[in-house]
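Chain letters run A, B, ... following the sequence lines, proteins first and then strands; every chain starts at 1. What you see is a predicted model, and the numbers here were worked out from it, not measured in a lab.
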Amino acid sequence: MGPIGENEFFFLMQGLKWTVLLAIVGFIGGGIFGILIALLRTSKTKVARTITAGYIGVFQGTPLLMQLFVVYYGVALLGIEVNAWIAVAIAFTLHASAFLGEIWRGSIEAVPKGQTEAANALGLHYVSRMKDVILPQALKISMPATIGFLVQLIKGTSLAAIVGFIELTRAGQIISNQTYRPLLVFGIVGAIYFIICWPLSHAGSGLEKRMAKAAR
Amino acid sequence: MLNSAKDQPTLISLEDVQKWYGAFHALKSISLSVRKGEKIVLCGPSGSGKSTLIRCINALETIEDGKIVVEGQVLDGSAKSVDAIRREVGMVFQSFNLFPHMTVLQNCTLAPMRVRGTSRTDAERLARKFLERVRILDQAEKYPAQLSGGQQQRVAIARALCMEPKVMLFDEPTSALDPEMVKEVLDTMIGLARDGMTMICVTHEMGFARQVADRVIFMASGEIVEEAEPEVFFKSPKHERTKTFLGEILAHH
Ligand SMILES: Nc1ncnc2c1ncn2[C@@H]1O[C@H](COP(=O)(O)OP(=O)(O)OP(=O)(O)O)[C@@H](O)[C@H]1O
Ligand SMILES: [Mg+2]
């Protein structure tokens, strides 16, 4: 058994850096495309609704691990040379956009109809109606679920290890193999995930409680 | 009657309007013309189509047949005609429908800035003028949830006025209010009427109808059953259904 010293800890922190970066990229990419998905999913055009419903269905109905594989090897098959980083970023963006799109579709639909009617009666067009009136309210409604998904996403980044990413979990595995102290190493790794995710979960459920109270 | 609108030009006209919700015939051959400056009170039992009728005027509902003209603009379902008509028509809802994430002032400046391209400074000046007029300027920086129902409805009126419409539609503006707040909203509406605004009000406030209306229109089952000047309407209603309705309303009040 080897000791867990500064070097090992530094290695874990390197992994954590990738975990956080992957989550951020997935969340931002997924957020941008997710808004688009949510808007198309709630649009008047039936084709747009059907296509986005299919998109959401596919990404919610298949494992993230499989999505990573398909994008990683799929992009390579197209003959495009991309590094793991890009492939994984694309996969997480697609995955997150489906989930966030569906969460935000629900929140857009949860904004009372009267808001759209008032905006229409005032002559506001689609862009302003969405940007100024509906989305700010929908985003607020979606906060608990959005934060909940972010937590899932952070934990889900561990799957990037499968295509060669040394993020937090994979870094833990490597250290554990070197030191033969799996319990201690994964105890530390778990604690790091917990320290990041728990405050988020807590904030999310706090928001949810406050909103439930305000709705009464 | 506050002023005679008899020789004013027609502002709104509905000809033989038909509205269906699926198999349900909600408006049956409605014809109505409203002159500039006229105040119309629309009443009738629940489900008779009052809301549907006024919502067709600003294209919140589509019609299946007939013709709606506002200020010479035919509502043909095109985006252009809808835009043109909504610019002339303001609407106040039973449930206020203020934007909860915006202050009173922001509620009032949004549409002028976005629809008309008014600068923020000008929009705010305009908003303050109308907030003053509905006597709520002192609450301009508050959020809707911080106001009473009566105050919120007055803000909603100011918000609609900020688009400087030629006609105001009211859909039961006082029925969601506590009794003690009804008067402040009615007073605001009376003030608006005095200033010559063309108004179509769905309301069961018969005192308001007596005081302000040029005509009272009674609807039942999607049809206009009777229309008359308030004096005549209340004193000697012709139709059996009108009599029954008035009997019920007056028993309640
Ligand atoms: N979106 C809709 N889909 C189907 N039916 C509808 C819809 N909106 C209204 N209706 C029906 O049309 C009829 C007229 O409704 P409307 O809201 O115009 O009545 P109203 O006279 O305003 O009644 P109230 O006094 O209750 O407000 C009602 O029978 C109602 O059930
Ligand atoms: Mg109604």
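Taking the six-membered ring where tryptophan is involved, the planes of A:F165 and A:W85 are tilted, since the angle between them lies from 30° to 60°.
B:V82 does not touch chain A: none of its heavy atoms, backbone or side chain, sits under 4.5 Å away. At a 4.5 Å heavy-atom cutoff, the contact between B:L98 and chain A is made by backbone atoms alone. Looking at B:F99, both its backbone and its side chain come within 4.5 Å of chain A, counting heavy atoms on both sides.
Each of B:A156, B:S95, B:G90, B:P100 has some count of heavy-atom pairs under 4.5 Å with chain A, and the biggest count is that of B:P100. Between chain A and the options B:R55, B:M102, B:H101, heavy-atom pairs under 4.5 Å are most frequent for B:H101.
Considering all non-hydrogen atoms of both residues, B:I85 and B:I57 come closest at CG2-O, 3.4 Å.
One side chain, B:S78 or B:S81, offers a donor N or O that lies under 3.5 Å from an acceptor on the other.
For A:F69, the CZ atom is densely surrounded, since the number of other residues' heavy atoms within 6.0 Å is greater than 12.
Comment: A:R170 does not engage A:E167 in a salt bridge, judged by the lack of any side-chain N to carboxylate O separation of less than 4.0 angstrom.
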